[in-house]
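Okay, so here's the structure we're looking at.
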Amino acid sequence: MNPSPLAGKHIVLGICGGIAAYKSVSLLRLLIKAGAEVQVVITPAGKQFITPVTLSSLSQKPVVSEFFTANTGEWHSHVDLGLWADCMVIAPATASTIGKMAHGVADNMLVTTYLSAKSHVFVAPAMDLDMMAHPSTTANIELLRSYGNTIIEPETGYLASGLTGKGRMEEPENIVKVLEGYFARSLTLAGKRVLVTAGPTYEKIDPVRFIGNYSSGKMGYALAEECAARGAEVTLVSGPVSVTTKDPRVKVVKVESAREMLAECEKAFPASDISIMCAAVADYAPAAVADRKIKREHSEVPVIELVKNPDIAATLGARKKPGQILAGFALETDNEASNAVEKLERKNLDLIVLNSMRDKGAGFGTDTNKITIIDREGSHPYPLKSKTEVAADIVDSIQSRL
Ligand code: C5P
């Protein structure tokens, strides 16, 4: 049997004070069984639910909870723990700890370790359905997501309160699967160079107006981060967006117009092993940019003459060398599959990711996407998933062609 991708990994398991803490014992057991070295950090409230003796027996390490050992005055270094960890998983994560993590309230060892952690962090919330649904909880979870943490969504089911709803911590077996997937994928793109385009382009009309579109950049940023998490050197050529990346391994090059985007892509493309064209590039740009604001007081309605923008994907497709992989996107409203196949051929892509505007939860601005990956062999539809999960599916599909 192959060893688990968790073998030899250093994992900090954070446990908060919620009834789901009883499941943390199984989680710890499974992590140890997979060969991981686990350091448990528990909040003061967590100890009301589960004893440190159980946890230290299973992990074979003293459980960390306080900043100091009371009788010796020994300081427990959250900084060292944060550096030691290959990943941190907080399960269960209560509303209180999620709030503290989101806002940097470092009043216990678990939160200080979280704030010091250099590694990836997984958060498995568990709470009553009304707490889970409160705008404060959902906003805090979104903040954690924006810090780059992976949220292991709770399930809907029977809760300790006797009510039924969303808030059950994900089962330990599934948490282990998420962690195994993460470590199995890490470094599989080491040494590879990746170019990603993201967001819209803005084509200037005058100093204050532009032609643009609703692309949020979320899908492209998720793809760039996924490739970086797998060890690639990533250049992300991004149009104007409000999303940011916290991943220092992603080199972001900000541009505004399609022509600027093309120029940056032309620089990065020759050395790129994989290029993913995710930007929603404006098809047309004003032929001339007015040097002053066009005034409404004009007697006639102005006519803006447009010129065609360069097709970045097609330009790179024409220069593609053997061994380079070029992926594109197609956002369609009708004749989805045939339009996508036509673009695959015309732009000389290796694969095209189709999203249909007819699918709920797909397309611009959403946090989810529903895709079909089309290549010359056929098409592969995927279910509706978060954009982070969709990014992992797309990168898996690209990697299978390397
Ligand atoms: O032709 P269409 O815009 O639908 O094609 C979409 C694909 O082509 C996307 O991958 C998009 O990033 C890319 N594209 C491009 N330059 C353009 C237009 C589209 O790179 N000018």
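Atoms within a ligand are numbered from 1 in the order they appear, just like the ligands themselves. Bear in mind that the values here come from a model prediction, so they are computed numbers and not experimental data. In what follows, residues are counted from 1 in the order of the sequence shown.
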So which of Arg145, Lys385, Arg168 actually passes salt bridge (charged side-chain N to carboxylate O under 4.0 Å, His left out) with Glu153? Arg145

Out of the candidates Glu173, Glu170, Glu171, only one should pair with Lys23 under the salt bridge (charged side-chain N to carboxylate O under 4.0 Å, His left out) rule; please name it.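 Checked Glu173, Glu170, Glu171 against Lys23; only one passes salt bridge (charged side-chain N to carboxylate O under 4.0 Å, His left out): Glu171.
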
Is the shortest side-chain N to carboxylate O distance from Glu332 to Lys343 below 4.0 Å?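 A salt bridge links Glu332 with Lys343.
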
Taking distance alone, with N or O pairs closer than 3.5 Å, would you say [X] contacts ligand 1?
| X | answer |
| --- | --- |
| Glu332 | no |
| Phe329 | yes |
| Met277 | yes |

Which residue owns the protein heavy atom closest to [atom], what's the atom, and how far is it?
| atom | answer |
| --- | --- |
| atom 16 (N) of ligand 1 | Ile312 N, 2.9 Å |
| atom 18 (C) of ligand 1 | Val281 CB, 3.8 Å |
| atom 13 (C) of ligand 1 | Ala313 CB, 3.8 Å |
| atom 8 (O) of ligand 1 | Lys347 NZ, 2.9 Å |

I need the minimum non-hydrogen distance between Lys370 and Pro383, along with the two atoms involved. CG-C, 4.3 Å

Judged by non-hydrogen atoms, does [X] sit under 4.0 Å from ligand 1?
| X | result |
| --- | --- |
| Pro310 | yes |
| Asn309 | no |
| Met261 | no |

Is it the case that atom NZ in Lys61 sees more than 12 heavy atoms from other parts of the structure closer than 6.0 Å? yes

Gln324 side chain vs Lys320 backbone, donor-acceptor pair below 3.5 Å: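 No, because the side chain of Gln324 does not come within donor-acceptor range (under 3.5 Å) of the backbone of Lys320.
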
When rounded to the nearest 0.5 angstrom, what is the spacing between CE in Met101 and CG in Leu143?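 One finds 11.0 Å between CE of Met101 and CG of Leu143.
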
Show me the donor-acceptor pairs, under 3.5 Å and distance only, between side chains in residues 395-402 and residues at least two apart or in other chains.
| unit_1 | atom_1 | unit_2 | atom_2 | d |
| --- | --- | --- | --- | --- |
| Asp396 | OD1 | Arg230 | NH1 | 2.9 |
| Asp396 | OD1 | Arg230 | NH2 | 3.1 |
| Ser397 | OG | Arg401 | NH2 | 3.0 |
| Gln399 | OE1 | Arg230 | NH1 | 2.4 |
| Gln399 | NE2 | Thr188 | O | 3.4 |
| Gln399 | NE2 | Thr188 | OG1 | 3.1 |
| Ser400 | OG | Ser397 | O | 2.6 |
| Arg401 | NE | Ser397 | O | 3.0 |
| Arg401 | NH1 | Asp375 | OD2 | 2.8 |
| Arg401 | NH2 | Asp375 | OD2 | 3.2 |

Only heavy atoms of [X], strictly under 4.0 Å: list the atoms of ligand 1 that pass.
| X | result |
| --- | --- |
| Ala279 | 11 (C), 12 (O) |
| Gly328 | 10 (O) |
| Lys343 | 1 (O), 2 (P), 4 (O), 5 (O) |

Does any pair with a residue in residues 206-259 pass ring pair (Phe, Tyr, Trp, His ring centres under 6.0 Å), and if so which ones, sequence neighbours excluded? Tyr202-Phe210

